[in-house]
Amino acid sequence: MSVATDRRTDDLRGRHLLGIDGMDRSDLEEILDLTDTFAEIGRRPIPKVPALRGRTVATVFFEGSTRTRMSFEAAARRLSADTVAFNAGTSSLSKGESIRDTVEVVASYGADLLVVRHSMAGTAHRVAGWTDLSVVNAGDGCHEHPTQALLDCYTLRERRGSLDGMRIAIVGDIRHSRVARSNVLAFTAMGAEVVLVAPATLLPPAIGGWPVTIAHELDPILADLDAVYLLRIQSERITEGLIPSLREYALDFCLTPARLARMRADALVLHPGPTNRGVEISAEAAADGRSVILDQVVNGVSVRMAVLFLLLGSGRQLGAVDAGGSVEGDR
Amino acid sequence: MAERERRQTPPFGGVFVSHARVMTTDDMGRAIRRMAHEVIERNHGVEELVVVGLQTGGVPVAERLAETLADIEGVRPPVGTLDVALHRDDIGLRPVVPEAVTDLTTDLDGRVVVLVDDVLFTGRTIRAALDALCDFGRPRSIQLAVMVDRGHRELPIRPDYVGKNLPTRRDEVVDVHAAGVDLGVMKK
(Lines give C-alpha, C1' and ligand atoms only; values in the text may rest on other atoms or scores of the structure.)
Protein backbone atom coordinates (compact mmCIF):
# COMPACT_ATOMS: atom_id res chain seq x y z
CA MET A 1 0.00 0.00 0.00
CA SER A 2 2.82 2.35 0.82
CA VAL A 3 4.10 1.96 -2.72
CA ALA A 4 0.83 3.24 -4.10
CA THR A 5 0.85 6.17 -1.70
CA ASP A 6 4.40 7.15 -2.58
CA ARG A 7 3.66 6.89 -6.25
CA ARG A 8 0.56 8.99 -5.75
CA THR A 9 2.63 11.99 -4.71
CA ASP A 10 4.48 11.73 -8.00
CA ASP A 11 1.39 11.30 -10.12
CA LEU A 12 -0.17 13.88 -12.37
CA ARG A 13 -0.22 16.75 -9.95
CA GLY A 14 3.50 16.13 -9.75
CA ARG A 15 5.39 14.89 -12.75
CA HIS A 16 4.40 11.44 -13.95
CA LEU A 17 1.55 9.32 -15.20
CA LEU A 18 2.68 5.79 -14.44
CA GLY A 19 -0.59 3.97 -13.81
CA ILE A 20 -4.22 4.19 -12.79
CA ASP A 21 -3.25 2.44 -9.55
CA GLY A 22 -3.23 5.07 -6.81
CA MET A 23 -5.55 7.49 -8.61
CA ASP A 24 -9.04 8.09 -7.29
CA ARG A 25 -12.21 9.19 -8.98
CA SER A 26 -11.52 12.91 -8.62
CA ASP A 27 -8.05 12.50 -10.18
CA LEU A 28 -9.57 10.72 -13.16
CA GLU A 29 -12.41 13.21 -13.48
CA GLU A 30 -9.99 16.13 -13.46
CA ILE A 31 -8.27 14.69 -16.53
CA LEU A 32 -11.55 13.77 -18.26
CA ASP A 33 -13.00 17.26 -17.65
CA LEU A 34 -9.89 18.86 -19.09
CA THR A 35 -10.09 16.50 -22.09
CA ASP A 36 -13.27 18.29 -23.22
CA THR A 37 -11.19 21.45 -23.70
CA PHE A 38 -8.73 19.61 -25.92
CA ALA A 39 -11.40 17.71 -27.85
CA GLU A 40 -12.77 21.09 -28.88
CA ILE A 41 -9.38 22.05 -30.34
CA GLY A 42 -9.48 18.89 -32.47
CA ARG A 43 -12.70 20.13 -34.09
CA ARG A 44 -11.25 23.52 -35.10
CA PRO A 45 -10.37 24.32 -38.73
CA ILE A 46 -6.72 24.55 -37.61
CA PRO A 47 -6.51 22.02 -34.76
CA LYS A 48 -3.45 23.44 -33.07
CA VAL A 49 -2.69 25.68 -30.09
CA PRO A 50 0.70 27.08 -29.00
CA ALA A 51 0.38 25.79 -25.42
CA LEU A 52 3.54 23.64 -25.36
CA ARG A 53 5.63 25.58 -27.84
CA GLY A 54 9.32 24.94 -27.23
CA ARG A 55 8.72 21.73 -25.27
CA THR A 56 9.88 18.36 -26.56
CA VAL A 57 8.07 15.08 -26.11
CA ALA A 58 10.16 11.95 -26.68
CA THR A 59 8.47 8.65 -27.50
CA VAL A 60 10.74 5.89 -26.23
CA PHE A 61 9.26 2.59 -27.40
CA PHE A 62 11.18 -0.58 -26.66
CA GLU A 63 8.17 -2.54 -27.94
CA GLY A 64 6.21 -2.20 -31.14
CA SER A 65 3.28 0.19 -31.45
CA THR A 66 1.55 2.06 -34.21
CA ARG A 67 -1.47 3.75 -32.79
CA THR A 68 -0.27 4.64 -29.30
CA ARG A 69 2.86 6.28 -30.64
CA MET A 70 1.00 8.09 -33.42
CA SER A 71 -1.61 9.21 -30.94
CA PHE A 72 0.97 10.68 -28.55
CA GLU A 73 2.79 12.36 -31.42
CA ALA A 74 -0.44 13.83 -32.80
CA ALA A 75 -1.31 15.08 -29.30
CA ALA A 76 2.11 16.70 -28.92
CA ARG A 77 1.90 18.36 -32.33
CA ARG A 78 -1.55 19.78 -31.64
CA LEU A 79 -0.05 21.45 -28.59
CA SER A 80 2.88 22.72 -30.71
CA ALA A 81 5.43 20.58 -28.86
CA ASP A 82 8.30 19.03 -30.80
CA THR A 83 8.65 15.26 -30.88
CA VAL A 84 11.63 12.95 -31.04
CA ALA A 85 11.17 9.23 -31.51
CA PHE A 86 13.25 6.34 -30.29
CA ASN A 87 12.65 3.02 -32.01
CA ALA A 88 14.03 -0.11 -30.40
CA GLY A 89 14.20 -1.92 -33.72
CA THR A 90 16.49 0.56 -35.49
CA SER A 91 18.55 1.72 -32.51
CA SER A 92 21.78 0.93 -30.69
CA LEU A 93 19.69 -1.24 -28.41
CA SER A 94 20.37 -3.97 -30.93
CA LYS A 95 24.09 -3.23 -30.31
CA GLY A 96 23.59 -3.91 -26.62
CA GLU A 97 22.95 -0.44 -25.18
CA SER A 98 21.09 -0.60 -21.85
CA ILE A 99 17.68 0.93 -21.20
CA ARG A 100 19.22 3.39 -18.76
CA ASP A 101 21.84 4.59 -21.25
CA THR A 102 19.19 4.87 -23.93
CA VAL A 103 16.98 6.99 -21.69
CA GLU A 104 19.88 9.27 -20.77
CA VAL A 105 20.78 9.76 -24.41
CA VAL A 106 17.17 10.59 -25.35
CA ALA A 107 16.94 12.98 -22.38
CA SER A 108 20.09 14.76 -23.47
CA TYR A 109 18.45 15.63 -26.79
CA GLY A 110 16.45 18.17 -24.81
CA ALA A 111 13.31 16.17 -24.13
CA ASP A 112 10.98 17.48 -21.41
CA LEU A 113 8.81 14.38 -21.20
CA LEU A 114 9.35 10.72 -22.01
CA VAL A 115 6.57 8.45 -23.23
CA VAL A 116 7.83 4.97 -22.41
CA ARG A 117 6.72 1.54 -23.56
CA HIS A 118 8.49 -1.70 -22.75
CA SER A 119 7.56 -5.38 -22.62
CA MET A 120 8.69 -5.57 -18.96
CA ALA A 121 6.33 -4.52 -16.18
CA GLY A 122 7.68 -1.63 -14.12
CA THR A 123 9.95 -0.13 -16.79
CA ALA A 124 8.25 3.28 -16.73
CA HIS A 125 8.60 3.38 -12.92
CA ARG A 126 12.30 2.59 -13.17
CA VAL A 127 12.80 5.24 -15.83
CA ALA A 128 10.96 7.78 -13.66
CA GLY A 129 13.44 7.05 -10.90
CA TRP A 130 16.45 7.65 -13.15
CA THR A 131 15.53 11.00 -14.61
CA ASP A 132 14.24 14.44 -13.65
CA LEU A 133 11.93 14.46 -16.66
CA SER A 134 8.23 13.68 -16.65
CA VAL A 135 7.42 10.11 -17.59
CA VAL A 136 4.20 8.77 -19.10
CA ASN A 137 3.70 5.02 -19.11
CA ALA A 138 2.50 3.95 -22.57
CA GLY A 139 2.38 0.29 -21.58
CA ASP A 140 4.70 -1.81 -19.44
CA GLY A 141 4.42 -5.54 -20.07
CA CYS A 142 1.26 -7.03 -18.61
CA HIS A 143 1.02 -4.28 -15.99
CA GLU A 144 -0.62 -0.95 -16.93
CA HIS A 145 -1.55 1.27 -19.87
CA PRO A 146 -3.08 4.30 -18.16
CA THR A 147 -3.81 6.55 -21.14
CA GLN A 148 -5.78 3.73 -22.77
CA ALA A 149 -7.95 3.45 -19.65
CA LEU A 150 -8.45 7.23 -19.61
CA LEU A 151 -9.55 7.34 -23.24
CA ASP A 152 -11.91 4.40 -22.67
CA CYS A 153 -13.49 6.15 -19.67
CA TYR A 154 -13.78 9.33 -21.73
CA THR A 155 -15.44 7.46 -24.61
CA LEU A 156 -17.97 5.78 -22.31
CA ARG A 157 -18.67 9.02 -20.46
CA GLU A 158 -19.11 10.88 -23.75
CA ARG A 159 -21.76 8.37 -24.84
CA ARG A 160 -23.49 7.79 -21.51
CA GLY A 161 -22.82 10.90 -19.44
CA SER A 162 -21.46 8.81 -16.58
CA LEU A 163 -20.02 5.37 -15.87
CA ASP A 164 -22.00 5.12 -12.64
CA GLY A 165 -23.84 1.80 -12.46
CA MET A 166 -22.72 0.65 -15.90
CA ARG A 167 -22.13 -3.09 -16.24
CA ILE A 168 -19.06 -3.61 -18.41
CA ALA A 169 -17.64 -6.95 -19.54
CA ILE A 170 -13.96 -7.15 -20.42
CA VAL A 171 -13.62 -10.17 -22.69
CA GLY A 172 -10.60 -12.12 -23.80
CA ASP A 173 -6.93 -12.40 -22.92
CA ILE A 174 -7.06 -10.77 -19.48
CA ARG A 175 -3.89 -12.56 -18.40
CA HIS A 176 -1.59 -10.79 -20.83
CA SER A 177 -3.48 -7.52 -20.95
CA ARG A 178 -2.19 -4.30 -19.41
CA VAL A 179 -5.28 -2.66 -20.87
CA ALA A 180 -7.50 -4.93 -18.75
CA ARG A 181 -5.58 -4.08 -15.55
CA SER A 182 -5.73 -0.33 -16.07
CA ASN A 183 -9.35 -0.48 -17.18
CA VAL A 184 -10.54 -2.57 -14.23
CA LEU A 185 -9.08 0.07 -11.91
CA ALA A 186 -10.40 3.02 -13.88
CA PHE A 187 -13.90 1.66 -14.64
CA THR A 188 -14.51 0.65 -11.02
CA ALA A 189 -13.11 3.94 -9.70
CA MET A 190 -15.61 5.72 -11.96
CA GLY A 191 -18.49 3.73 -10.49
CA ALA A 192 -18.96 0.93 -13.03
CA GLU A 193 -19.30 -2.77 -12.34
CA VAL A 194 -16.80 -4.96 -14.20
CA VAL A 195 -17.17 -8.60 -15.27
CA LEU A 196 -14.11 -10.38 -16.62
CA VAL A 197 -15.05 -12.95 -19.25
CA ALA A 198 -12.40 -15.45 -20.33
CA PRO A 199 -11.46 -19.12 -20.28
CA ALA A 200 -9.69 -19.94 -16.99
CA THR A 201 -6.34 -20.21 -18.78
CA LEU A 202 -6.54 -16.59 -19.93
CA LEU A 203 -7.19 -15.17 -16.45
CA PRO A 204 -4.26 -14.04 -14.28
CA PRO A 205 -3.25 -16.61 -11.61
CA ALA A 206 -3.93 -14.28 -8.65
CA ILE A 207 -7.14 -12.41 -9.28
CA GLY A 208 -8.56 -12.60 -5.74
CA GLY A 209 -8.14 -8.93 -4.81
CA TRP A 210 -9.60 -7.44 -7.97
CA PRO A 211 -12.95 -5.64 -7.59
CA VAL A 212 -14.57 -7.74 -10.32
CA THR A 213 -16.77 -10.74 -10.93
CA ILE A 214 -15.61 -13.58 -13.18
CA ALA A 215 -17.50 -15.40 -15.90
CA HIS A 216 -16.23 -18.13 -18.16
CA GLU A 217 -19.02 -17.78 -20.67
CA LEU A 218 -20.14 -14.71 -22.56
CA ASP A 219 -23.58 -15.84 -23.79
CA PRO A 220 -25.50 -15.97 -20.47
CA ILE A 221 -24.63 -12.37 -19.47
CA LEU A 222 -24.64 -10.73 -22.90
CA ALA A 223 -28.15 -9.29 -22.68
CA ASP A 224 -27.44 -7.55 -19.34
CA LEU A 225 -24.37 -5.61 -20.42
CA ASP A 226 -24.06 -1.87 -20.97
CA ALA A 227 -20.74 -2.31 -22.72
CA VAL A 228 -18.55 -5.10 -24.07
CA TYR A 229 -14.84 -4.41 -24.04
CA LEU A 230 -13.09 -6.89 -26.33
CA LEU A 231 -9.38 -7.51 -25.93
CA ARG A 232 -7.09 -8.59 -28.71
CA ILE A 233 -6.18 -12.25 -28.62
CA GLN A 234 -2.42 -12.00 -28.57
CA SER A 235 -1.71 -14.70 -31.14
CA GLU A 236 1.97 -14.61 -30.20
CA ARG A 237 1.03 -16.23 -26.86
CA ILE A 238 -1.10 -19.01 -28.31
CA THR A 239 2.00 -21.21 -28.54
CA GLU A 240 1.75 -21.58 -24.77
CA GLY A 241 -1.31 -23.76 -25.34
CA LEU A 242 -3.62 -21.57 -23.30
CA ILE A 243 -6.46 -22.01 -25.74
CA PRO A 244 -6.99 -25.00 -28.03
CA SER A 245 -7.24 -22.89 -31.19
CA LEU A 246 -8.32 -19.46 -32.39
CA ARG A 247 -11.30 -21.15 -34.03
CA GLU A 248 -12.48 -22.67 -30.80
CA TYR A 249 -11.96 -19.38 -28.95
CA ALA A 250 -14.01 -17.56 -31.58
CA LEU A 251 -16.82 -20.09 -31.18
CA ASP A 252 -17.26 -19.15 -27.50
CA PHE A 253 -16.18 -15.51 -27.31
CA CYS A 254 -16.18 -13.81 -30.73
CA LEU A 255 -18.70 -11.00 -31.00
CA THR A 256 -20.53 -12.44 -33.99
CA PRO A 257 -23.61 -10.93 -35.66
CA ALA A 258 -25.71 -13.49 -33.73
CA ARG A 259 -24.29 -12.36 -30.38
CA LEU A 260 -24.53 -8.70 -31.44
CA ALA A 261 -28.25 -9.23 -32.02
CA ARG A 262 -28.71 -10.37 -28.43
CA MET A 263 -27.05 -7.26 -27.00
CA ARG A 264 -29.12 -4.33 -25.81
CA ALA A 265 -29.89 -1.67 -28.39
CA ASP A 266 -28.05 0.96 -26.34
CA ALA A 267 -25.04 -1.20 -25.43
CA LEU A 268 -21.58 -0.17 -26.59
CA VAL A 269 -18.77 -2.20 -28.17
CA LEU A 270 -15.17 -1.18 -27.43
CA HIS A 271 -11.82 -2.56 -28.56
CA PRO A 272 -8.36 -1.08 -27.91
CA GLY A 273 -7.10 -2.24 -31.32
CA PRO A 274 -5.61 -3.65 -33.36
CA THR A 275 -8.56 -5.98 -33.96
CA ASN A 276 -8.35 -9.56 -35.17
CA ARG A 277 -11.45 -9.80 -37.33
CA GLY A 278 -13.09 -13.18 -36.92
CA VAL A 279 -11.26 -13.99 -33.68
CA GLU A 280 -12.54 -11.66 -30.93
CA ILE A 281 -14.77 -9.46 -33.08
CA SER A 282 -16.60 -9.91 -36.37
CA ALA A 283 -16.41 -7.32 -39.12
CA GLU A 284 -20.16 -6.75 -38.67
CA ALA A 285 -19.76 -5.96 -34.96
CA ALA A 286 -16.89 -3.57 -35.62
CA ALA A 287 -18.99 -1.70 -38.16
CA ASP A 288 -22.18 -1.72 -36.06
CA GLY A 289 -23.74 1.51 -34.81
CA ARG A 290 -23.01 0.40 -31.25
CA SER A 291 -19.28 0.13 -31.92
CA VAL A 292 -17.28 3.12 -30.63
CA ILE A 293 -13.90 1.81 -31.74
CA LEU A 294 -13.18 4.81 -33.96
CA ASP A 295 -14.33 7.20 -31.22
CA GLN A 296 -11.72 5.58 -29.00
CA VAL A 297 -9.00 6.45 -31.51
CA VAL A 298 -10.16 10.07 -31.85
CA ASN A 299 -10.57 10.49 -28.09
CA GLY A 300 -7.12 9.00 -27.53
CA VAL A 301 -5.51 12.11 -29.01
CA SER A 302 -7.63 14.45 -26.86
CA VAL A 303 -6.94 12.54 -23.64
CA ARG A 304 -3.21 12.47 -24.35
CA MET A 305 -3.27 16.22 -25.04
CA ALA A 306 -4.79 16.70 -21.59
CA VAL A 307 -2.16 14.47 -19.98
CA LEU A 308 0.76 16.17 -21.76
CA PHE A 309 -0.64 19.58 -20.87
CA LEU A 310 -1.16 18.69 -17.22
CA LEU A 311 2.40 17.42 -16.93
CA LEU A 312 4.20 20.04 -19.03
CA GLY A 313 1.92 23.03 -19.37
CA SER A 314 0.74 23.74 -15.88
CA GLY A 315 2.68 22.34 -12.93
CA ARG A 316 6.23 23.42 -13.50
CA GLN A 317 5.56 27.04 -14.31
CA LEU A 318 3.08 27.32 -11.49
CA GLY A 319 5.92 26.34 -9.17
CA ALA A 320 8.15 28.97 -10.73
CA VAL A 321 5.59 31.66 -10.02
CA ASP A 322 5.40 30.79 -6.36
CA ALA A 323 9.17 31.09 -6.15
CA GLY A 324 9.57 34.23 -8.24
CA GLY A 325 6.61 36.17 -6.93
CA SER A 326 5.98 38.95 -9.39
CA VAL A 327 3.14 38.08 -11.65
CA GLU A 328 0.80 40.89 -12.45
CA GLY A 329 -2.84 40.46 -13.21
CA ASP A 330 -2.62 40.23 -16.93
CA ARG A 331 -5.60 41.40 -18.84
CA MET B 1 -12.51 38.77 -13.47
CA ALA B 2 -14.75 35.84 -12.83
CA GLU B 3 -14.83 34.52 -9.30
CA ARG B 4 -13.72 30.96 -10.05
CA GLU B 5 -10.84 32.19 -12.16
CA ARG B 6 -9.58 34.43 -9.39
CA ARG B 7 -9.91 31.64 -6.85
CA GLN B 8 -7.58 29.45 -8.87
CA THR B 9 -5.06 32.06 -9.98
CA PRO B 10 -1.90 31.87 -7.87
CA PRO B 11 -0.78 35.53 -7.90
CA PHE B 12 -4.16 36.58 -6.56
CA GLY B 13 -5.61 33.69 -4.66
CA GLY B 14 -6.88 36.10 -1.99
CA VAL B 15 -10.12 37.86 -1.31
CA PHE B 16 -11.25 40.81 -3.39
CA VAL B 17 -11.89 43.88 -1.25
CA SER B 18 -13.84 46.63 -3.00
CA HIS B 19 -12.89 50.27 -2.40
CA ALA B 20 -15.46 51.85 -4.65
CA ARG B 21 -18.39 50.97 -6.88
CA VAL B 22 -17.39 52.79 -10.07
CA MET B 23 -20.35 51.72 -12.22
CA THR B 24 -23.81 50.50 -11.26
CA THR B 25 -25.86 48.03 -13.29
CA ASP B 26 -27.72 50.97 -14.83
CA ASP B 27 -24.43 52.66 -15.74
CA MET B 28 -23.31 49.45 -17.43
CA GLY B 29 -26.59 49.20 -19.32
CA ARG B 30 -26.18 52.76 -20.61
CA ALA B 31 -22.55 52.15 -21.58
CA ILE B 32 -23.49 48.98 -23.46
CA ARG B 33 -26.31 50.82 -25.24
CA ARG B 34 -23.87 53.57 -26.32
CA MET B 35 -21.32 51.00 -27.46
CA ALA B 36 -24.01 49.14 -29.42
CA HIS B 37 -24.90 52.37 -31.25
CA GLU B 38 -21.21 52.97 -32.00
CA VAL B 39 -20.86 49.44 -33.35
CA ILE B 40 -23.90 49.88 -35.62
CA GLU B 41 -22.79 53.32 -36.80
CA ARG B 42 -19.30 52.19 -37.66
CA ASN B 43 -20.40 48.99 -39.42
CA HIS B 44 -23.55 50.40 -41.07
CA GLY B 45 -25.74 47.79 -39.40
CA VAL B 46 -25.17 44.36 -37.87
CA GLU B 47 -25.41 42.08 -40.92
CA GLU B 48 -21.74 41.15 -41.11
CA LEU B 49 -21.06 41.06 -37.38
CA VAL B 50 -20.03 38.16 -35.18
CA VAL B 51 -19.83 39.00 -31.47
CA VAL B 52 -17.19 36.95 -29.62
CA GLY B 53 -16.98 37.03 -25.82
CA LEU B 54 -13.70 36.16 -24.12
CA GLN B 55 -13.90 33.55 -21.39
CA THR B 56 -14.78 34.08 -18.76
CA GLY B 57 -15.52 37.75 -17.96
CA GLY B 58 -16.25 38.85 -21.51
CA VAL B 59 -19.01 36.31 -22.13
CA PRO B 60 -21.85 38.00 -20.19
CA VAL B 61 -20.83 41.41 -21.60
CA ALA B 62 -20.93 39.98 -25.14
CA GLU B 63 -24.40 38.52 -24.49
CA ARG B 64 -25.70 41.89 -23.28
CA LEU B 65 -24.12 43.69 -26.24
CA ALA B 66 -25.73 41.24 -28.70
CA GLU B 67 -29.12 41.65 -26.95
CA THR B 68 -28.85 45.40 -27.24
CA LEU B 69 -27.82 45.21 -30.91
CA ALA B 70 -30.88 43.03 -31.56
CA ASP B 71 -33.03 45.48 -29.62
CA ILE B 72 -31.91 48.42 -31.76
CA GLU B 73 -31.59 46.78 -35.19
CA GLY B 74 -34.08 43.92 -34.95
CA VAL B 75 -31.42 41.38 -35.94
CA ARG B 76 -29.34 39.48 -33.41
CA PRO B 77 -25.78 38.85 -34.62
CA PRO B 78 -24.33 35.40 -33.91
CA VAL B 79 -22.52 35.18 -30.56
CA GLY B 80 -19.54 32.94 -29.83
CA THR B 81 -17.19 32.38 -26.91
CA LEU B 82 -13.41 32.06 -27.00
CA ASP B 83 -11.09 30.67 -24.31
CA VAL B 84 -7.53 31.82 -24.91
CA ALA B 85 -5.89 30.00 -22.01
CA LEU B 86 -3.90 27.75 -24.36
CA HIS B 87 -2.75 30.67 -26.53
CA ARG B 88 -1.33 32.81 -23.73
CA ASP B 89 2.34 33.75 -23.41
CA ASP B 90 2.12 33.19 -19.66
CA ILE B 91 0.58 29.74 -19.91
CA GLY B 92 0.61 27.94 -16.60
CA LEU B 93 0.28 31.20 -14.67
CA ARG B 94 -3.45 31.00 -15.09
CA PRO B 95 -5.56 27.90 -14.78
CA VAL B 96 -7.20 26.22 -17.72
CA VAL B 97 -10.79 26.06 -16.52
CA PRO B 98 -12.75 23.17 -18.05
CA GLU B 99 -15.99 25.16 -17.90
CA ALA B 100 -14.45 27.95 -19.99
CA VAL B 101 -15.36 26.60 -23.39
CA THR B 102 -14.63 27.86 -26.87
CA ASP B 103 -17.82 27.83 -28.92
CA LEU B 104 -17.26 29.43 -32.31
CA THR B 105 -19.37 27.68 -34.90
CA THR B 106 -19.98 30.69 -37.15
CA ASP B 107 -17.73 30.88 -40.20
CA LEU B 108 -15.56 33.95 -39.62
CA ASP B 109 -14.32 34.35 -43.22
CA GLY B 110 -15.20 37.83 -44.45
CA ARG B 111 -17.12 38.74 -41.28
CA VAL B 112 -16.48 41.58 -38.86
CA VAL B 113 -15.62 40.16 -35.44
CA VAL B 114 -16.41 42.28 -32.41
CA LEU B 115 -14.22 40.86 -29.66
CA VAL B 116 -15.65 41.57 -26.20
CA ASP B 117 -13.91 41.48 -22.83
CA ASP B 118 -14.77 42.87 -19.43
CA VAL B 119 -11.46 44.57 -18.56
CA LEU B 120 -8.63 45.70 -20.85
CA PHE B 121 -5.36 45.82 -18.92
CA THR B 122 -1.96 44.75 -20.32
CA GLY B 123 -3.41 43.68 -23.67
CA ARG B 124 -1.92 40.19 -23.45
CA THR B 125 -5.29 38.43 -23.41
CA ILE B 126 -6.25 40.30 -26.58
CA ARG B 127 -2.94 39.40 -28.25
CA ALA B 128 -3.67 35.75 -27.50
CA ALA B 129 -7.25 36.13 -28.72
CA LEU B 130 -6.10 37.60 -32.05
CA ASP B 131 -3.84 34.57 -32.52
CA ALA B 132 -6.63 32.18 -31.62
CA LEU B 133 -9.18 33.85 -33.92
CA CYS B 134 -6.87 33.43 -36.91
CA ASP B 135 -7.10 29.65 -36.40
CA PHE B 136 -10.84 29.88 -37.00
CA GLY B 137 -10.80 31.77 -40.27
CA ARG B 138 -9.95 35.11 -41.83
CA PRO B 139 -12.28 37.83 -40.57
CA ARG B 140 -12.49 40.98 -42.71
CA SER B 141 -11.71 42.95 -39.58
CA ILE B 142 -11.58 42.52 -35.83
CA GLN B 143 -12.82 45.24 -33.49
CA LEU B 144 -12.43 45.34 -29.73
CA ALA B 145 -15.10 46.28 -27.19
CA VAL B 146 -14.35 46.39 -23.45
CA MET B 147 -16.45 47.33 -20.45
CA VAL B 148 -13.50 48.94 -18.64
CA ASP B 149 -10.17 50.17 -20.00
CA ARG B 150 -7.91 50.43 -16.96
CA GLY B 151 -4.67 51.34 -18.77
CA HIS B 152 -1.18 49.86 -18.18
CA ARG B 153 -0.87 48.40 -21.68
CA GLU B 154 2.20 46.27 -22.40
CA LEU B 155 1.43 45.75 -26.09
CA PRO B 156 0.35 48.10 -28.91
CA ILE B 157 -3.35 47.28 -28.58
CA ARG B 158 -6.22 49.76 -28.29
CA PRO B 159 -9.96 49.25 -27.93
CA ASP B 160 -12.53 50.45 -30.50
CA TYR B 161 -15.43 50.68 -28.03
CA VAL B 162 -14.99 51.48 -24.33
CA GLY B 163 -17.65 51.39 -21.62
CA LYS B 164 -15.56 53.37 -19.17
CA ASN B 165 -11.99 54.63 -19.04
CA LEU B 166 -10.85 53.97 -15.49
CA PRO B 167 -7.43 55.20 -14.32
CA THR B 168 -5.99 52.62 -11.90
CA ARG B 169 -2.85 51.74 -10.00
CA ARG B 170 -1.16 48.59 -11.23
CA ASP B 171 -1.80 46.74 -7.99
CA GLU B 172 -5.51 47.49 -8.00
CA VAL B 173 -8.07 45.01 -9.30
CA VAL B 174 -11.14 45.80 -11.37
CA ASP B 175 -14.08 43.47 -10.88
CA VAL B 176 -16.90 43.49 -13.44
CA HIS B 177 -19.94 41.55 -12.26
CA ALA B 178 -23.71 41.52 -12.62
CA ALA B 179 -24.29 44.25 -10.02
CA GLY B 180 -21.77 46.67 -11.49
CA VAL B 181 -18.05 47.43 -11.61
CA ASP B 182 -15.89 47.59 -8.47
CA LEU B 183 -12.39 48.92 -7.98
CA GLY B 184 -10.43 47.34 -5.15
CA VAL B 185 -7.46 45.20 -4.16
CA MET B 186 -6.78 41.54 -3.45
CA LYS B 187 -6.18 40.82 0.23
CA LYS B 188 -4.35 37.64 1.24
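Per chain, numbering begins at 1; letters A, B, ... match sequence-line order.
For chain B, the nearby part of I41(A) is the side chain; its heavy atoms alone come within less than 4.5 Å. Proximity to chain B (any heavy atom under 4.5 Å) is shown, for D36(A), by neither the backbone nor the side chain.
For the atom pair CG of L86(B) and CZ of R53(A), the computed distance is 12.5 Å after rounding to the nearest 0.5 Å. One finds the NE2 atom of H87(B) at 12.0 Å from the NZ atom of K48(A) (value rounded to the nearest 0.5 Å).
D266(A) CG: more than 12 foreign heavy atoms inside a 6.0 Å radius.
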Residue pair F136(B), I46(A): steps toward the side-chain contact (heavy atoms from CB on, under 4.5 Å) verdict: CA-CA 7 Å; F136(B) 286 91; I46(A) 300 175; over 6 Å; no
Quick one: do R44(A) and T102(B) satisfy side-chain contact (heavy atoms from CB on, under 4.5 Å)? Show the steps, please. CA-CA 10 Å; R44(A) 293 183 187 182; T102(B) 297; 3.5 Å; yes
